[in-house]
Amino acid sequence: MGRMEILVIRQKIHGMDGSGYAELLSETFPEHTVREATTPAEEQEGLRTADVVTGFELSPADLEIAENLKLFGCVFAGTGHLDLEAFEEHGVAVTNASGVHGPNISEYIVGAMIHHAKRFGRARRQQERREWRSYKTRDLYGSRVAIVGMGAIGTAAAERLDAFGMETVGVRYTPEKGGPTEEVYGFEEIHEAVDGAEYVVLACPLTDATEGLIDEDVFQTMHTDAILVNIARGPVVDTEALVDALRWNRIGGAALDVFDPEPLPEDHALWGMDNVTITPHNAGYSPEYFERRSAILERNIDRLREGELDDLENRVV
């Protein structure tokens, strides 16, 4: 396959639009034509001739006019918002951005755990009052962390936490696949995984199996000093049960980047809890986001050019 047309459609992710992405792709693929569509009309025009499209979403109607389209490179890891059957019917391969968040979100996880272990929140509150008063902290070293979800993020987190001398256990759909943790459980063994864990990290997709996974019963099993870190999706946790667990000291605290509901209402009880760290679905932000997305697309375009469709990285369809 010779010169190809690559179309970057409209998108806004973590406060960044597609302009920087298009510029980077133009530098990466000087032998191809890279176009950025900034209006609906430009998108419709570009779709008629594009070989590759990258962005958040294409509808079945878009696919009807994209007669030359061979690959849609989705810029999200999740593809639940796409009509995958429509792509399959039109013979268009779909890839996702799985893996791009491994470095940045795993750093968020480590930072959240250190923040709570060293009680930096309390330190900040005392600093604001100019109050010099010692308080107890704890170490990450030697403690146990249960990582629910062993995809790119969960795997990256486990590898980084190993350097802290922590005992790591994982939870995944297919525990027989193993992973970088010392033990791996299935989702039906969630209680065994969190039992005795000082930290429980949620890094799983939202599915029928994970919706409401962390409920009142799981909070009863968790250690009373345990910290919950959620960078997955809000509905993985029963929010009402979480509030109750925090209010009645059934767990030690939480670091939350995702919520149910989201955005978190201004009058929600979680805002006023001093053992809760809240960030506004911000863990995925990284200045290297475009570079990591483009690297996946670059490898796949090289394979597309060689006719190696079966070997596309992160292929969904």
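A quick note: this is a predicted structure, and the numbers were derived from the prediction, not measured.
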In the single-linkage hydrophobic clustering (I, L, V, M, F, W, Y; side-chain heavy atoms under 4.5 Å), do [X] and [Y] co-cluster?
X    : Y    : answer
V229 : V236 : no
L312 : M4   : yes
L213 : V243 : yes
V276 : V201 : no
I65  : V94  : yes

Evaluation steps, side chain to side chain contact (heavy atoms under 4.5 Å, CB included), between T54 and F72 = CA-CA 6 Å; T54 181; F72 176 63; 5.9 Å; no

Measure the shortest side-chain to side-chain distance between [X] and [Y] over non-hydrogen atoms and say whether it is less than 4.5 angstrom.
X    : Y    : answer
L58  : V53  : yes
R250 : M222 : no
Y285 : I105 : no
I9   : L7   : yes
T95  : E313 : no
P180 : M150 : yes
Q11  : V75  : yes
Y135 : T137 : yes

Test: [X] and [Y] ion pair at under 4.0 Å:
X    : Y    : value
D311 : R303 : no
D302 : R299 : no
R3   : E31  : no

Closest heavy-atom pair and its distance - [X], [Y]:
X    : Y    : result
G284 : Y289 : O-CD1, 4.5 Å
V34  : A22  : CG1-O, 3.8 Å
N275 : G252 : ND2-O, 3.3 Å
L242 : V237 : CB-CG1, 3.9 Å
D83  : P60  : OD2-CG, 3.6 Å
L246 : A254 : CD2-N, 4.2 Å

Using a 6.0 Å cut-off, check whether atom [atom1] of [X] has over 12 heavy atoms from anything other than its own residue.
X    : atom1 : answer
E240 : CD    : no
R172 : CZ    : yes
E291 : CD    : yes
E88  : CD    : no
E167 : CD    : yes
E85  : CD    : no
E216 : CD    : no
R124 : CZ    : no

Apply salt bridge (Lys or Arg N to Asp or Glu O under 4.0 Å) to R48 and D62, showing your working.
-> CA-CA 9 Å; R48 297 182 188 282; D62 293 330; over 6 Å; no

What distance do [X] atom [atom1] and [Y] atom [atom2] have between them, rounded to the nearest 0.5 Å?
X    : Y    : atom1 : atom2 : value
N96  : N314 : CG    : CG    : 4.5 Å
R293 : F76  : CZ    : CZ    : 8.5 Å
I147 : I153 : CD1   : CD1   : 11.5 Å
L264 : E266 : CG    : CD    : 10.0 Å
H115 : Y108 : NE2   : OH    : 9.5 Å
F219 : I251 : CZ    : CD1   : 5.0 Å

Establish, yes or no, whether a centroid distance under 6.0 Å links the rings of H281 and F259.
-> no

Answer yes if the ring centres of H81 and F56 are under 6.0 angstrom apart, and no otherwise.
-> yes

Is there a donor-acceptor contact under 3.5 Å linking the side chains of E298 and T28?
-> no

Does one side chain, of S106 or R160, offer a donor that lies under 3.5 Å from an acceptor on the other?
->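 Result is yes, a qualifying pair exists.
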
[Y] backbone acceptor or donor facing [X] side chain under 3.5 Å:
X    : Y    : result
T155 : A152 : no
W271 : P265 : yes
R315 : V317 : yes
N68  : D51  : no
S143 : M166 : no
D257 : A283 : yes
T39  : E42  : yes
H223 : D225 : yes
E198 : R144 : yes
T174 : E176 : no

side-chain hydrogen bond (donor to acceptor under 3.5 Å, both in side chains) partner of Q126, the single match among R130, R122, R129 | R122

Give the C-alpha distance, both sets of side-chain angles, the deciding distance and a yes or no for side chain to side chain donor-acceptor pair (under 3.5 Å) between T33 and E5.
-> CA-CA 5 Å; T33 301; E5 288 191 18; 5.8 Å; no

Would you mind telling me which of L256, I231, I214, I109 makes a side chain to side chain contact (heavy atoms under 4.5 Å, CB included) with L202?
-> I214

Evaluate the criterion salt bridge (Lys or Arg N to Asp or Glu O under 4.0 Å) for residue pair R10 and E43; output intermediate values, then yes/no.
-> CA-CA 8 Å; R10 293 174 299 156; E43 282 185 356; 2.9 Å; yes

Using the ring of F29 (Phe, Tyr or Trp, six-membered ring only), decide whether R35 places NZ or CZ under 6.0 Å from its centre and within 45 degrees of its axis.
-> no

Start with the C-alpha distance between Y185 and E183, add both sets of side-chain angles, then the distance that settles side chain to side chain donor-acceptor pair (under 3.5 Å), and finish with yes or no.
-> CA-CA 7 Å; Y185 296 92; E183 295 181 73; 3.1 Å; yes

